[in-house]
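Below: one structure, written as structure tokens.
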Amino acid sequence: MRPIIGITTNNMKNPTSGADISTGGWNYNNAVLKGGGLPMLLPCVTDGGLLDQMVAACDGFVFCGGIDVTPCSYGEMAHPLLGDTSLKLDRCQIPLMQKIIAARKPVLAICRGNQVLNVACGGTLYQDNSLKGEGIARHMIKDDMGDISHQVTITPGTKLHQLFGDRIWTNSYHHQSVKKLGDGLVISAMADDGIVEAIELKDYPYGLGIQWHPEGMLVAGDNMLPLFQGLADACRKG
């Protein structure tokens, strides 16, 4: 039996009809399938009882990329460089992440998901990477998802280091990143310009936050497949 992996979705408008749709994109489904899991899409709901049912129904979770996290979620006012936000999405995903952590279920949080993980643990974000200071590289590229943009250095002793070793190439599609690290987290990868590229939960079965898009890199090769295989393996052990 494949473990059931819940994948968060974003509320969007169909560009043709204007109808509301809830999606995370096929790449996430494909990555979970290739990693050995069975994907299940999770709608955006804010009812705590429904979120509890989601946590109980799934063996593990993938938090997908998307729009910016609303700054009021971490006690800040909106900066002019802030992108699109959705308070409803935040009021679904941040409590859902907290419930998953309380249940100690495996989770892989990607791009926006990485930021949700940090905020759910009490951390804050750079509303735009340029606010970190001078010398910051361009992290929002316009290349194909399978292309690579820069390298990251991985922290020894972390789960990410067990999977990939000291240094790897990644793609890059984010203009926000971790500022103050949340409680119970460690930094597991950094870009050469000092931007935090990955975090993970300490003393936890499988709790990784990845700032790049590993599901997109799978269209060009299987270098990032260990992230999704590791998630499915952790679900089976749980």
Side-chain angles (χ1 to χ4, degrees), residues 4-14 18-25 28-29 32 39-129 131 173-185 196 199-201 204 207-211 213 215 231:
I4 297 173
I5 310 294
I7 303 176
T8 62
T9 57
N10 296 307
N11 295 331
M12 305 172 67
K13 294 285 187 183
N14 185 303
D20 292 329
I21 55 175
S22 183
T23 180
Y28 295 99
N29 300 337
V32 167
M40 176 184 292
L41 298 185
L42 303 176
C44 175
V45 297
T46 57
D47 181 272
L50 295 177
L51 295 178
D52 287 334
Q53 283 188 256
M54 288 181 181
V55 175
C58 298
D59 301 303
F61 298 85
V62 170
F63 277 62
C64 69
I67 58 179
D68 292 353
V69 177
T70 311
C72 65
S73 301
Y74 48 92
E76 292 188 7
M77 295 181 66
H79 189 276
L81 294 175
L82 180 72
D84 294 339
T85 63
S86 167
L87 192 55
K88 180 180 179 181
L89 195 62
D90 299 332
R91 287 176 172 168
C92 166
Q93 292 185 0
I94 293 172
L96 176 60
M97 180 67 79
Q98 291 168 337
K99 289 175 182 292
I100 290 167
I101 293 171
R104 294 184 61 80
K105 290 206 169 181
V107 58
L108 174 61
I110 295 170
C111 200
R112 169 191 159 86
N114 177 68
Q115 296 157 15
V116 168
L117 171 60
N118 192 54
V119 172
C121 292
T124 64
L125 306 174
Y126 288 109
Q127 293 185 42
D128 187 82
N129 290 330
L131 301 175
Y173 294 91
H174 66 103
H175 84 106
Q176 295 194 318
S177 57
V178 169
K179 182 165 65 173
K180 172 182 168 288
L181 188 66
D183 298 332
L185 294 167
V196 174
I199 58 179
E200 55 188 72
L201 290 157
Y204 195 86
L208 304 184
I210 306 297
Q211 194 58 77
H213 278 272
E215 83 293 345
L231 175 65

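Computation of the quantities below employed the complete heavy-atom set of this structure, encompassing side-chain atoms and omitting hydrogens, waters and symmetry-equivalent molecules.
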Yes or no on side-chain contact (heavy atoms from CB on, under 4.5 Å) for Val119 and Asp90, after CA distance, side-chain angles and deciding distance? CA-CA 10 Å; Val119 172; Asp90 299 332; over 6 Å; no

Provide the closest heavy-atom pair for Leu51 versus Cys92 in the form atom of the first, atom of the second, distance.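 Heavy-atom minimum between the residues: CD1-O, 3.9 Å.
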
Do you know which two heavy atoms are closest between Ser177 and Gln115, and how far apart they sit?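 The pair with the smallest heavy-atom distance is N-NE2, 4.2 Å.
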
May I ask you to decide if [Y]'s main-chain N or O and [X]'s side chain share a donor-acceptor pair within less than 3.5 Å?
X: Thr124; Y: Tyr74; answer: no
X: Lys105; Y: Cys58; answer: yes
X: Asn118; Y: Lys180; answer: yes
X: His174; Y: Gln176; answer: yes
X: Tyr28; Y: Gly65; answer: yes

Measuring only between side-chain heavy atoms, which start at C-beta, is Thr8 closer than 4.5 Å to Arg112?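 No, too far: nothing below the 4.5 Å cut-off.
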
Between CG of Asp47 and CG of Asp52, what distance do you get to the nearest 0.5 Å? 8.5 Å

Verdict with supporting geometry, Leu87 and Cys72, side-chain contact (heavy atoms from CB on, under 4.5 Å): CA-CA 9 Å; Leu87 192 55; Cys72 65; 3.8 Å; yes

For Cys121, which of Ile101, Leu181, Val116 qualifies under side chain to side chain contact (heavy atoms under 4.5 Å, CB included)?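 Between Cys121 and the candidates, side chain to side chain contact (heavy atoms under 4.5 Å, CB included) is satisfied uniquely by Ile101.
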
Candidate list Leu125, Val196, Val178, Leu108, test side chain to side chain contact (heavy atoms under 4.5 Å, CB included), partner Asn114, passing option: Val178

side-chain contact (heavy atoms from CB on, under 4.5 Å) for Leu96 and Ile100? Distances and angles first, verdict last. CA-CA 6 Å; Leu96 176 60; Ile100 290 167; 3.9 Å; yes

For Leu231 and Leu208, run side-chain contact (heavy atoms from CB on, under 4.5 Å): C-alpha distance rounded to whole Å, both residues' side-chain angles, the deciding distance at 0.1 Å, then the answer. CA-CA 9 Å; Leu231 175 65; Leu208 304 184; over 6 Å; no

After noting the C-alpha distance and the side-chain angles of Lys179 and Glu76, does the key distance pass the salt bridge (Lys or Arg N to Asp or Glu O under 4.0 Å) rule? CA-CA 12 Å; Lys179 182 165 65 173; Glu76 292 188 7; 2.8 Å; yes

Polar side chain donor-acceptor pair, Asp128 to His175, under 3.5 angstrom: yes

